Amino acid sequence: MRVLSAFLGVTLITAALCAPFAAVVGTNYPLNRTPLKVGDIISAWGNYVDDSTSKFNVNIMGDNGLNLLHVDFRPYDDIIVLNNNDGGWQQEIRPSFPRSNFGDGGMFKVSIEVMESEYKISFNDAEVEYRFPQRNPITLAKQVLLWGGSNGFEWQYLELPTDGGWTEWSEWSACSCSGVQTRTRECNNPAPASGGDDCDGLLRENQNCDGCSVAGDQQVFALYKPLAVGDIIEAWGKYADDTIKFNVNILGDDGLNLLHVDFRPYINTIVLNNNDGGNCY
């Protein structure tokens, strides 16, 4: 059985976590989806205090203590230790990393990007001196563990590869005169992040509908739904030079006329009116 004896008292989070989220030392955060794939990026943010801060690390973990990648910053020695643990610590790589990279303290970012056969490690988005080979298949990766620190050092945030998820479909649009209705959805539930896949499927769907109603000289058409702010009613007509007047009306029950738009070419006028129990001319 593989055991990582250096990491004791580890907490396991079971829910999927999206976007940069608050993270703490000693917690195993499960990957939002497995397996890892080329292009995935794991990012962690920490708060460095000063040169007395002891070592701190980011770890890609599998089951039973398997550590696929151990990225251990050691400011007191001006190095980073890169290693893995597969039943025991393996041969390590020690890139030089002067403590002056941390400046006067404050927030910093560590990123691990999955490449074809190695891991690319960056500090504040600048790649460090060496990459680390993938000594174990990345398909074994299950969690990310943040560890270490002293003198007030704290890990603050973590961001994991996240595949995109669809929102619910919108309501169908009003039927166009060409006889088409449309509905849409968005790939932001959650949005893809850190190498995660885009949503699979259509952003927009269409379906056939009855199209525009064809009116005669006088005809009433039922509304598809209650009117709301932003709704538009359109009518098309054919004008002849001796046309006297013609109108469009928004009607309620029992003869209620909410809007009477009456074109009267013979007197060069539009008459706007309503009828709430009286005459509408």
Side-chain angles (χ1 to χ4, degrees), residues 1-47 54-74 80-90 92-93 107-123 128 131-150 153-165 190-197:
M1 180 177 69
R2 303 184 180 100
V3 178
L4 190 57
S5 58
F7 298 147
L8 303 176
V10 173
T11 301
L12 177 63
I13 301 295
T14 58
L17 297 164
C18 306
F21 56 87
V24 296
V25 167
T27 302
N28 260 322
Y29 293 96
L31 295 171
N32 286 333
R33 60 113 169 89
T34 55
L36 285 177
K37 62 180 180 62
V38 172
D40 282 350
I41 300 173
I42 295 165
S43 297
W45 288 260
N47 188 30
S54 185
K55 65 178 185 174
F56 43 91
N57 46 68
V58 182
N59 304 270
I60 299 178
M61 308 295 295
D63 292 328
N64 302 318
L66 172 66
N67 189 316
L68 290 84
L69 176 64
H70 174 69
V71 181
D72 191 33
F73 289 82
R74 300 185 182 181
I80 303 172
V81 174
L82 306 177
N83 207 341
N84 70 303
N85 188 317
D86 186 3
W89 290 109
Q90 308 300 307
E92 62 188 27
I93 299 173
M107 191 78 71
F108 66 89
K109 175 185 176 183
V110 177
S111 298
I112 301 168
E113 182 174 355
V114 180
M115 312 299 284
E116 283 289 349
S117 59
E118 57 193 0
Y119 300 100
K120 172 184 170 182
I121 298 99
S122 298
F123 179 84
V128 303
R131 296 182 179 185
F132 191 77
Q134 293 170 12
R135 294 174 177 170
N136 305 95
I138 59 174
T139 53
L140 298 177
K142 298 294 180 62
Q143 302 106 18
V144 173
L145 171 65
L146 303 178
W147 200 257
S150 64
F153 170 87
E154 292 180 342
W155 286 110
Q156 298 283 349
Y157 304 103
L158 183 64
E159 184 171 37
L160 303 175
T162 303
D163 291 339
S194 299
D197 294 334

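Only a predicted model underlies this, so the values are computations on that prediction, with no experimental measurement involved. Any value given below was found using the heavy atoms of this structure, including those in side chains, with hydrogens, waters and symmetry copies removed.
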Run the side-chain contact (heavy atoms from CB on, under 4.5 Å) check on Asn136 and Asn84 step by step: do they pass?
CA-CA 9 Å; Asn136 305 95; Asn84 70 303; 3.3 Å; yes
Taking all atoms of both residues into account, what is the closest heavy-atom pair of [X] and [Y], and its distance?
{"X": "Gly39", "Y": "Glu113", "value": "CA-OE2, 4.3 Å"}
{"X": "Gly196", "Y": "Asp40", "value": "N-OD1, 4.3 Å"}
{"X": "Leu68", "Y": "Gly62", "value": "CD1-N, 3.6 Å"}

Quick one, [X] and [Y] - any side-chain contact, counting heavy atoms below 4.5 Å?
{"X": "Ile42", "Y": "Ile60", "answer": "yes"}
{"X": "Leu158", "Y": "Ser43", "answer": "no"}
{"X": "Leu160", "Y": "Val144", "answer": "yes"}
{"X": "Trp147", "Y": "Val58", "answer": "no"}
{"X": "Phe153", "Y": "Asn47", "answer": "no"}
{"X": "Thr162", "Y": "Asn32", "answer": "yes"}
{"X": "Val81", "Y": "Arg74", "answer": "yes"}
{"X": "Asn28", "Y": "Met61", "answer": "yes"}

By ring-ring contact (aromatic ring centres under 6.0 Å, His included), which residues pair with Tyr157, not counting sequence neighbours?
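By the ring-ring contact (aromatic ring centres under 6.0 Å, His included) rule, Tyr157 matches no residue at all.
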Partner set under ring-ring contact (aromatic ring centres under 6.0 Å, His included) for Tyr119, not counting sequence neighbours
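Listed in chain order: nothing, the list is empty.
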Side-chain donor-acceptor pair under 3.5 Å between Asn67 and Asn85, yes or no?
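No pair is found: no donor N or O on one side chain lies under 3.5 Å from an acceptor on the other.
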Judged by modelled atom types alone, do His70 and Asn83 share a side-chain donor-acceptor pair under 3.5 Å?
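There is no such pair (donor and acceptor under 3.5 Å, judged by atom type) between the side chains of His70 and Asn83.
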When rounded to the nearest 0.5 Å, the distance separating CD1 of Ile93 from CG of Leu82 is 6.0 Å
Residues Thr27, Leu145; criterion side-chain contact (heavy atoms from CB on, under 4.5 Å); working and verdict
CA-CA 6 Å; Thr27 302; Leu145 171 65; 5.7 Å; no
Report the C-alpha separation of Tyr29 and Phe21 in whole Å, then their side-chain angles, then the decisive distance to 0.1 Å, and conclude whether the side-chain contact (heavy atoms from CB on, under 4.5 Å) test is met.
CA-CA 11 Å; Tyr29 293 96; Phe21 56 87; 3.6 Å; yes
Are the side chain of Gln134 and the backbone N or O of Met115 linked by a donor-acceptor pair below 3.5 Å?
yes
Quick check against the 3.5 Å criterion: does Gln90 have a side-chain atom that pairs as donor or acceptor with the backbone of Gly88?
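Yes: the side chain of Gln90 pairs with the backbone of Gly88.
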So the salt bridge (charged side-chain N to carboxylate O under 4.0 Å, His left out) pairs with at least one residue in residues 19-31 (sequence neighbours excluded) are none
Working for salt bridge (Lys or Arg N to Asp or Glu O under 4.0 Å), residues Lys142 and Asp63:
CA-CA 7 Å; Lys142 298 294 180 62; Asp63 292 328; 2.9 Å; yes
Can we call the ring centroids of Phe56 and Phe108 under 6.0 Å apart?
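For Phe56 and Phe108, the ring centres are under 6.0 Å apart.
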If you measure from the Lys or Arg side-chain nitrogens to the Asp or Glu carboxylate oxygens, is any gap between Asp163 and Lys37 under 4.0 Å?
no
Hey, mind stepping through Val71 and Ile112 against side-chain contact (heavy atoms from CB on, under 4.5 Å) and telling me if it holds?
CA-CA 9 Å; Val71 181; Ile112 301 168; 4.0 Å; yes
